[in-house]
Amino acid sequence: MADTTHADDTMPPAPGTAGAKDARAKRAERKAARLAREITAFSRAHGGAEGQLAYIGQAGTRIVLVGTDGGWGDLVAPTHEIAAAAAERAGLTLHETFDGELAARVRTGPYEWTRMAGIQLGGPSNG
């Protein structure tokens with residue numbers, strides 16, 4: 001009897017096949033869900049949040065978050081589509097640009113001021 005092999009779920013799908021597209025879609029969905037959980041956690045910790053999506057080239061899209069209390073942070077998604085899906089899933093209100101009212105709410109602390117001024121004025125180094 002000849003030995004035969006059968007494709008099963010343990011073998012990765014061949015590139016360019018429908019199975020590969022399904023696998024990529026599932027990975028993208030998992031990444032969006034993970035980012036949405038992080039956005040939701042940030043929002044809870046800061047009394048709510050709004051954000052903006054900024055394309056950063058091949059690295060993907062930056063999700064800039066600004067909390068109601070002025071706290072801020074960011075996340076990076078591999079694609080703009082994943083970033084948008086995560087923001088939608090988390091219920092994040094998005095702004096077209098990071099200026100005006102949104103930027104005015106950001107509160108920086110001593111660390112940011114030391115880093116920003118220190119680089120130019122001989123303060124603490126980056127390393």
Side-chain angles (χ1 to χ4, degrees):
M1 186 151 120
D3 288 330
T4 59
T5 59
H6 297 280
D8 62 11
D9 292 335
T10 61
M11 304 247 337
T17 64
K21 290 178 186 174
D22 288 344
R24 281 193 299 276
K26 287 178 183 178
R27 279 193 302 274
E29 177 59 30
R30 285 192 304 270
K31 181 65 174 174
R34 196 168 23 250
L35 288 166
R37 285 191 300 272
E38 292 181 50
I39 292 168
T40 302
F42 177 91
S43 183
R44 266 192 240 118
H46 294 277
E50 295 183 26
Q52 191 256 340
L53 303 181
Y55 177 70
I56 54 175
Q58 288 182 338
T61 296
R62 181 179 185 207
I63 306 169
V64 181
L65 303 168
V66 179
T68 302
D69 65 356
W72 62 278
D74 66 349
L75 300 165
V76 176
T79 67
H80 187 80
E81 292 76 20
I82 291 173
E88 182 178 341
R89 190 176 198 153
L92 184 67
T93 300
L94 291 175
H95 294 261
E96 289 293 317
T97 59
F98 190 78
D99 60 3
E101 181 188 329
L102 184 63
R105 276 195 260 145
V106 173
R107 298 290 171 244
T108 55
Y111 172 77
E112 289 86 3
W113 283 101
T114 301
R115 296 255 314 151
M116 288 186 282
I119 292 169
Q120 296 172 0
L121 303 175
S125 67
N126 286 341

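Quick note: numbers below take in every heavy atom, side chains included, and nothing from hydrogens, waters or symmetry partners.
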**Q** I'd like to know if the side chain of T93 reaches the main chain of E50, judged simply by a donor and an acceptor atom lying under 3.5 Å from each other, with no hydrogens or angles considered.
**A** no

**Q** According to a hydrophobic-cluster definition based on side-chain heavy atoms being under 4.5 Å apart (Ile, Leu, Val, Met, Phe, Trp, Tyr only), do I82 and V64 belong together?
**A**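 No, I82 does not connect to V64 through the hydrophobic network.
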
**Q** Does a salt bridge link R89 with E29, judged by any charged N lying under 4.0 Å from a carboxylate O?
**A**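 Salt bridge between R89 and E29, a charged N being under 4.0 Å from a carboxylate O: yes.
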
**Q** Specify the closest pair of heavy atoms between A86 and A32, including all atoms of both residues, with the distance to one decimal.
**A**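 Scanning both residues completely, I find the closest heavy atoms to be CB-O, 3.5 Å.
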
**Q** Which heavy atom in G71 sits nearest to a heavy atom in D69, and how many Å separate them?
**A** N-OD1, 2.9 Å

**Q** Between F98 and V66, is there a side-chain heavy-atom distance shorter than 4.5 Å?
**A** yes

**Q** Closer than 3.5 angstrom, by distance alone: can the side chain of T40 be matched with the main-chain N or O of A36 as a donor-acceptor pair?
**A**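 A pair under 3.5 Å: yes.
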
**Q** Where is the tightest heavy-atom contact between A90 and I39, given as atom of each residue plus distance?
**A**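 Looking at all heavy atoms of both residues, the shortest contact is CB-CG2, 3.6 Å.
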
**Q** Are the side chains of T61 and I56 in contact, using a 4.5 Å heavy-atom criterion?
**A** no

**Q** Using modelled atom types only, decide if a donor and an acceptor are shared between the side chain of R107 and the backbone of A104 within a distance under 3.5 Å.
**A** yes

**Q** Do the charged groups of R34 and E38 touch, with an N to O distance under 4.0 Å?
**A**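 Answer for the salt bridge query: no.
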
**Q** Report whether L102 and W72 are members of the same hydrophobic cluster (ILVMFWY, side-chain heavy atoms less than 4.5 Å apart, transitive linking).
**A** yes

**Q** Less than 4.5 Å apart, any side-chain heavy atom of L94 and any of Q52?
**A**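 The answer is no; the side chains never approach within 4.5 Å.
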
**Q** With the side chain counted from C-beta on, respond yes when I63 and L53 share a heavy-atom pair under 4.5 Å apart, and no when they do not.
**A**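 In contact.
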
